[in-house]
Amino acid sequence: MIPPKKSVDGVLLVDKKSGITSHDVVERFRRRAKVKKAGHTGTLDPLATGLLVLCVGKATRLQAYLMGMEKTYEGVFQFGWATDSYDATGEPVGGEAVEVNVEHIDFEPHVAPFRGSIEQMPPAFSAKKIDGVRAYEMARKGQEVILKTKQVTVYEFTILEVAGSTARFRVRSSAGTYVRSLAQDLGKSIGIPAHLKELRRTAIGNFHIDSAISFDKMSESLPEAILTAPHFQSLADIDLPHAKIRIDWAQQGKLMQGQSVILVPPVAVAKAELVALGNPHDQLVGIGEVVNVLREGGPVEVKPKVILAG
């Protein structure tokens with residue numbers, strides 16, 4: 001009798017190269033690792049490089065949660081002309097594509113207003129839907145694209161280096177932030193049109209590019225080499241940015257049925273805080289939300305938010 005194939009459950013960190021889509025990465029992984037159930041946790045534009053977190057097997061239940069984690073980027077703004085897509089893949093708009101030296105600019109007064117909670121207009125060439133149609137599909141046809149501003153949070157926005165007509169930057173922001181829009185808006189603030197020339201995502205929550213496998217290496221590797229640490233993290237090893245609480249089998253059963261459980265966290269947690277729940281085998285069972293603090297520094301009531309077991 002042939003033993004059943006062991007399921008593969010966890011997350012894979014991939015360093016995407018420029019010129020391919022995030023979907024291309026997922027499809028290549030599925031073929032190389034011989035895994036059917038996988039999906040990414042936040043699109044990178046074809047121009048961009050850097051970290052993609054792929055959820056595999058049961059961990060696909062974490063996709064929506066991981067999509068909401070903060071992201072960190074580094075890249076380059078090009079000054080002198082804007083583009084219709086707000087990045088280097090678009091066509092110049094509003095004048096000739098001529099580089100303008102910005103070494104004399106004091107960037108800080110222009111960057112500061114884009115830190116914190118801001119209202120941001122997504123690019124017309126984006127995946128936002130208007131009456132069920134992607135905005136970029138309408139933009140490519142020359143149709144009018146009417147989008148609404150969206151509130152995002154920029155935790156860090158730093159100009160790292162200015163050289164000639166370019167500025168290298170780092171941004172750490174909430175999910176849904178368009179760095180292309182920051183390029184466009186920063187150019188408007190300074191009075192010199194700009195667009196995003198290069199972009200690299202270096203982190204998503206606790207996941208960092210340093211642990212990722214390159215797309216090309218993944219494309220050439222055998223399944224056992226792809227599904228290994230540090231780029232692959234099993235359910236026992238996934239590092240979520242939350243307090244970790246050990247639960248017993250009975251509590252796991254209740255959580256799987258959608259019931260709340262009473263737990264004693266190793267550190268103080270507050271109401272509405274999320275916690276990572278692990279079973280006696282140290283496997284991540286899921287994510288819970290603290291709905292009631294029974295005693296300060298003591299027991300709390302936790303309801304299931306994302307359950308991986310079962």
Side-chain angles (χ1 to χ4, degrees), residues 6-14 22 25-26 29-30 33 35-43 51-72 152-153 173-177 201 203-208 211-212 227 229 231-294 299-310:
K6 185 179 178 181
S7 64
V8 178
D9 307 299
V11 298
L12 180 74
L13 311 186
V14 181
S22 300
V25 177
V26 175
F29 165 71
R30 285 173 175 160
V35 170
K36 291 183 178 180
K37 196 173 183 181
H40 65 75
T41 60
T43 301
L51 185 61
L52 273 179
V53 177
L54 275 54
C55 291
V56 186
K58 292 179 181 178
T60 53
R61 301 173 194 175
L62 286 171
Q63 271 183 270
Y65 162 77
L66 294 178
M67 283 182 179
M69 298 179 77
E70 67 178 45
K71 316 290 195 299
T72 303
V152 298
T153 303
S173 62
S174 63
T177 302
R201 186 157 65 195
I204 300 176
N206 281 9
F207 303 110
H208 199 275
S211 299
L227 301 171
H231 42 268
F232 183 75
Q233 299 179 14
S234 68
L235 292 187
D237 301 318
I238 295 176
D239 184 19
L240 298 177
H242 304 303
K244 297 172 176 60
I245 304 180
R246 177 75 65 85
I247 62 174
D248 59 33
W249 298 116
Q251 291 167 332
Q252 176 174 312
K254 288 183 177 180
L255 290 165
M256 289 172 63
Q257 294 173 13
Q259 300 176 28
S260 297
V261 293
I262 304 300
L263 303 173
V264 180
V267 295
V269 293
K271 188 174 180 180
E273 189 172 334
L274 298 180
V275 293
L277 306 170
N279 65 22
H281 288 168
D282 284 328
Q283 290 179 310
L284 180 67
V285 173
I287 299 169
E289 180 183 1
V290 178
V291 293
N292 193 13
V293 177
L294 304 180
V300 297
E301 181 183 359
V302 175
K303 73 174 183 179
K305 197 164 186 70
V306 178
I307 295 298
L308 306 177

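FYI, the numbering just counts along the sequence from 1.
Annotation: the span from Lys303 atom NZ to Asn292 atom CG amounts to 12.0 Å, rounded to 0.5 Å. Note that OG1 of Thr72 is 9.0 Å distant from CD1 of Ile204, once rounded to the nearest 0.5 Å. Considering CZ of Arg246 and CD of Gln251, their distance stands at 11.5 Å, rounded to 0.5 Å. In this structure, the separation between CG on Leu51 and NE2 on His208 is 8.5 Å, given to the nearest 0.5 Å.
No close placement of the Phe207 and His231 rings is indicated, their centers lying 6.0 Å or farther apart.
Using modelled atom types, no side-chain atom of Gln257 and backbone atom of Lys254 make a donor-acceptor pair closer than 3.5 Å. Panel note: side chain Gln63, backbone His40; a donor-acceptor pair is recorded below 3.5 Å. Looking at Ser174, its side chain does come within 3.5 Å of a backbone N or O of Thr153 through a donor-acceptor pair. In this structure, Arg61 contributes its side chain and Leu308 its backbone to a donor-acceptor pair below 3.5 Å. Under a 3.5 Å cut-off, the side chain of Thr41 and the backbone N or O of Val53 do form a donor-acceptor pair.
With contacts defined as side-chain heavy-atom distances shorter than 4.5 Å, the pair Val300/Pro265 qualifies. In this structure, Pro299 and Leu263 have side chains that are not in contact, with every pair of non-hydrogen atoms separated by 4.5 Å or more. Leu13 is not listed as a side-chain neighbour of Leu52, based on a closest heavy-atom distance of 4.5 Å or more. Using a 4.5 Å heavy-atom threshold, the side chains of Leu240 and Leu284 count as touching. In this structure, the side chains of Asp9 and Thr60 stay at 4.5 Å or more apart for every pair of heavy atoms. Residues Ile287 and Leu277 fail the side-chain proximity criterion, which asks for heavy atoms closer than 4.5 Å. Here the side chains of Leu54 and Val11 are not in contact, with every heavy-atom distance at 4.5 Å or above. Annotation: side chain of Leu227 is in contact with side chain of Val8 (closest heavy-atom distance under 4.5 Å).
Closest of all the heavy-atom pairs between Lys71 and Ala175 is NZ-CB, 3.6 Å. Of all the heavy atoms in Arg30 and Lys36, the pair that sits closest is NE-O, 3.3 Å. Closest approach of Gly42 to Met67, counting heavy atoms only: N-CG, 4.2 Å. Closest approach of Gly10 to Ala59, counting heavy atoms only: O-CB, 3.1 Å. Nearest heavy-atom pair across Gln252 and Asn279 is OE1-CB, 3.2 Å. Closest of all the heavy-atom pairs between Ala212 and Val14 is CB-C, 3.8 Å.
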Checklist entry - Checking ring pair (Phe, Tyr, Trp, His ring centres under 6.0 Å) for the pair Tyr65/His242: CA distance, chi angles, key distance, verdict? => result CA-CA 13 Å; Tyr65 162 77; His242 304 303; 5.6 Å; yes
Next on the checklist: Let's go through Val269 and Val293 carefully: what are the C-alpha distance in whole Å and the side-chain angles of both, what is the deciding distance for side chain to side chain contact (heavy atoms under 4.5 Å, CB included) to 0.1 Å, and is it a yes or a no?
Outcome noted: CA-CA 8 Å; Val269 293; Val293 177; 5.6 Å; no
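Residue pairs satisfying the ring-ring contact (aromatic ring centres under 6.0 Å, His included) criterion with at least one member in residues 243-263, sequence neighbours excluded, are listed as follows: Trp249-His281.
Looking at Asp239 and Lys244, a side-chain N of the basic residue comes within less than 4.0 Å of a carboxylate O on the acidic one, giving a salt bridge.
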